[in-house]
Amino acid sequence: MLSVRFIAENRDLVIARLKVKNFDSAGLVDRIIEADLQRRKLKSRLDTGQASVNKLSKEIGALYKTGRKEEADHAKDKTGKLKEDIRKLSAELTAVDRLLRDLLVQVPNLPHETVPAGMLPAENELVREGGVKPVLPTGAMPHWDLARKYDIIDFELGNKITGAGFPVYKGKAARLQRSLINFFLDEAVKAGYDEILPPVLVNEDSAFGTGQLPDKEGQMYHVSEDNLYLIPTAEVPLTNLFRDQIIPFSELPRKLTAYTPCFRREAGSYGKDVRGLNRLHQFDKVEIVEVQHPDHSYESLEAMTSYVESLVVKLGLPYRIMLLCGGDMSFHASKTYDFEVFSAAQGKWLEVSSVSNFESYQANRMMLRFRDENGKKIYTAHTLNGSALALPRIMAALLENNQTEEGIKIPAALLPYTDFEIIGP
RNA sequence: GGAGAAAUGGCAGAGUGGUCGAAUGCGGCGGUCUUGAAAACCGUUGUUCCGUUAUCGCGGAACCGGGGGUUCGAAUCCCUCUUUCUCCGCCA
């Protein structure tokens, strides 16, 4: 979330910027400023009252020590009224604090000044395009048919075991999946990311920290017995590793990577886009996360984007990079690049990565800060993350784009990981 | 799952109702000494919020695992939750 102070000091800027996200924030912003004013007033009065009680208590202690019991008892009576005031004030303060927080979480992150205005995916800007769309053999099939033909991904079996959206990978597809995970992790480590294997269940504080709670609650699987959430992305545990931390200047940037399964309820998404591997409730992903100094976070965003690009290039997939317009960006992001690969048999661009700078939006929520060069002042850090990469749609594109009469050819980059060159009959 | 013990500053570890944001040691930072370093010695060293200030700063409030309570006053007493350790049970 944005800090209250920032909102109060930049009221008009905030309102203007959020218009790029098609968000009318004027009323909300003014209520926040008002609540903040209330809060400060209450806090001042409460502190004054508290100070009086503290002073009296000290005096009472001194009086008892010198045996002046009557005077002490008299002083005690004086605290009664003060304590009553304090009780009232602190109740009011708690209420205003809660209101303020409820309002703050409703304010989206500000889009960066380079983010184009717009509402629809069609208004996203093409940044660059690479790779070559393959010429498919006659009789080319979409991946769900290939999966059946070579008996490598079983959707029906997943239905039986769990339900729709939980496919079972078998044989060479299982091996290919594992190869992709290892390939992505190895590449990330080579690029300077520290490998982590985090929990896939997180608590409320973590889900709040990265912004899944409160507003995206319905998208996560919830284990009510223990009040834990299945992660929708490794971003959640990875970024929260830094929650409530003050990072020394010399340790910035911190770069992490992790493979995890990801779980998404995808409530309300039915229809043609969910076919095959296109949209799943459980999928595998390697994620990269970075904590960076505010002065360098946009350099990091570009670096992360180039890194992700290197992956799709190595896999030989036709891809394009889109700069998301304000309206298509997530609530929490300041700037996002989406990666899409072309899945030839479906004739469709599939989103396989989303690389975002959140600036201080997540860091404010989770008190993630750093100390400046002199070791004196403390500032909020910036956080970024990106998929590198999400596996199912990569798998879909690999199967479809590399199909030949003999079978599906494995890209050279993966050969050290698979023990086969082709998925054939 | 059952029984018991515990949770204090970056770390270790005192403190069982007032003078405690908290002894002491280690670590960190600054300095003296030294050609330099080490050792020794001296000083310094948390975070959040409110107020004030151009800034350094200053004044106040809060924080000793989380939440609540008793009291004029709580690290200290009570309740509750969480976590850790030991023993028992179960188990990949």
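The figures here come from the full heavy-atom set of this structure, side chains too, leaving out hydrogens, waters and symmetry mates. Per chain, numbering begins at 1; letters A, B, ... match sequence-line order.
Minimum atom distance to the side chain of A/T79 is reached by B/rC72, of the listed B/rA61, B/rC72, B/rU47. Side-chain proximity of A/K83 to the nucleotides B/rU71, B/rG18, B/rU47 is greatest for B/rU71. Closest to the side chain of A/I246, out of B/rA61, B/rU47, B/rG51, is B/rU47. Considering only side-chain atoms of A/R371, the nucleotide from B/rA61, B/rG51, B/rU47 that sits closest is B/rU47. In the set B/rG73, B/rG51, B/rU48, the nucleotide with an atom closest to the side chain of A/S57 is B/rG73. The side chain of A/Q50 sits closest to B/rA61 out of B/rA61, B/rC50, B/rU47. Of the candidate nucleotides B/rG73, B/rC49, B/rU47, B/rC49 has the atom lying nearest to any side-chain atom of A/K43. The side chain of A/S44 approaches B/rC50 more closely than any other nucleotide in the set B/rC56, B/rG60, B/rC50. Comparing atom distances between the A/R369 side chain and each of B/rU48, B/rG60, B/rC56 picks out B/rU48 as nearest. With distances taken from any side-chain atom of A/I60 to the nucleotides B/rC72, B/rU47, B/rG60, the minimum falls on B/rC72.
In this structure, A/D226 places its CG atom 13 Å from C1' of B/rU82, rounding to the nearest Å.
A distance of about 14 Å separates the P atoms of B/rC26 and B/rG43, rounded to the whole Å. For B/rG10 and B/rA74, the P atoms lie 23 Å apart once the distance is rounded to whole Å. Between B/rA92 and B/rG69, the two P atoms lie 46 Å apart (nearest whole Å). Comparing the same atom, C1', in B/rG27 and in B/rG46 gives a spacing of 14 Å after rounding to whole Å. Separating the P atom of B/rA6 from that of B/rC79 is a span of 14 Å, rounded to the nearest Å.
The aromatic rings of A/Y361 and A/F331 sit perpendicular to each other, their planes meeting at more than 60°, with 30° as the lower class boundary. Taking the six-membered ring where the residue is Trp, A/H293 and A/F370 present tilted rings, their angle falling between 30° and 60°. Ring geometry, A/F263 versus A/Y221: the interplanar angle exceeds 60°, so the pair is classed perpendicular (tilted spans 30 to 60°).
Partner assigned to B/rU70 is none, using Watson-Crick or G-U wobble distances below 3.5 angstrom. Figure legend. B/rA38 is base-paired to no nucleotide; pairs are counted as Watson-Crick or G-U wobble with both atom distances under 3.5 Å. Across every strand in view, B/rU44 sits in a pair with B/rG28 that passes the Watson-Crick or G-U test at under 3.5 angstrom. Judged by Watson-Crick or G-U wobble contacts below 3.5 Å, the nucleotide B/rA92 has no partner. For B/rC33, there is no paired nucleotide, since no Watson-Crick or G-U wobble pair has both relevant distances below 3.5 Å. Base-pair partner of B/rG65: B/rC81 (Watson-Crick or G-U wobble, both distances under 3.5 Å). Pair assignment for B/rG51 gives B/rC58, based on Watson-Crick or G-U wobble hydrogen-bonding distances that are each under 3.5 Å. Partner assigned to B/rC87 is B/rG2, using Watson-Crick or G-U wobble distances below 3.5 angstrom.
The shortest distance between the side-chain N/O atoms of A/R40 and the OP1/OP2 oxygens of B/rC49 is not below 4.0 Å. Phosphate contact (OP1/OP2 of B/rC50, side-chain N/O of A/R39, threshold under 4.0 Å): present. For A/N54, a side-chain nitrogen or oxygen approaches OP1 or OP2 of B/rA61 to under 4.0 Å.
Closest non-hydrogen pair, A/V20 versus A/P111, comes out as CB-CG, 3.8 Å.
Counted by atom type alone, A/R243 and A/S206 present one or more donor-acceptor pairs between their side chains at under 3.5 Å. Between the side chains of A/S300 and A/E290, a donor-acceptor pair is found at a separation under 3.5 Å. Residues A/Y298 and A/E359 bring a donor and an acceptor atom of their side chains to less than 3.5 Å of each other.
Residue contacts for A/L46: at a heavy-atom cut-off of 4.0 Å it reaches no nucleic acid atom on any strand shown.
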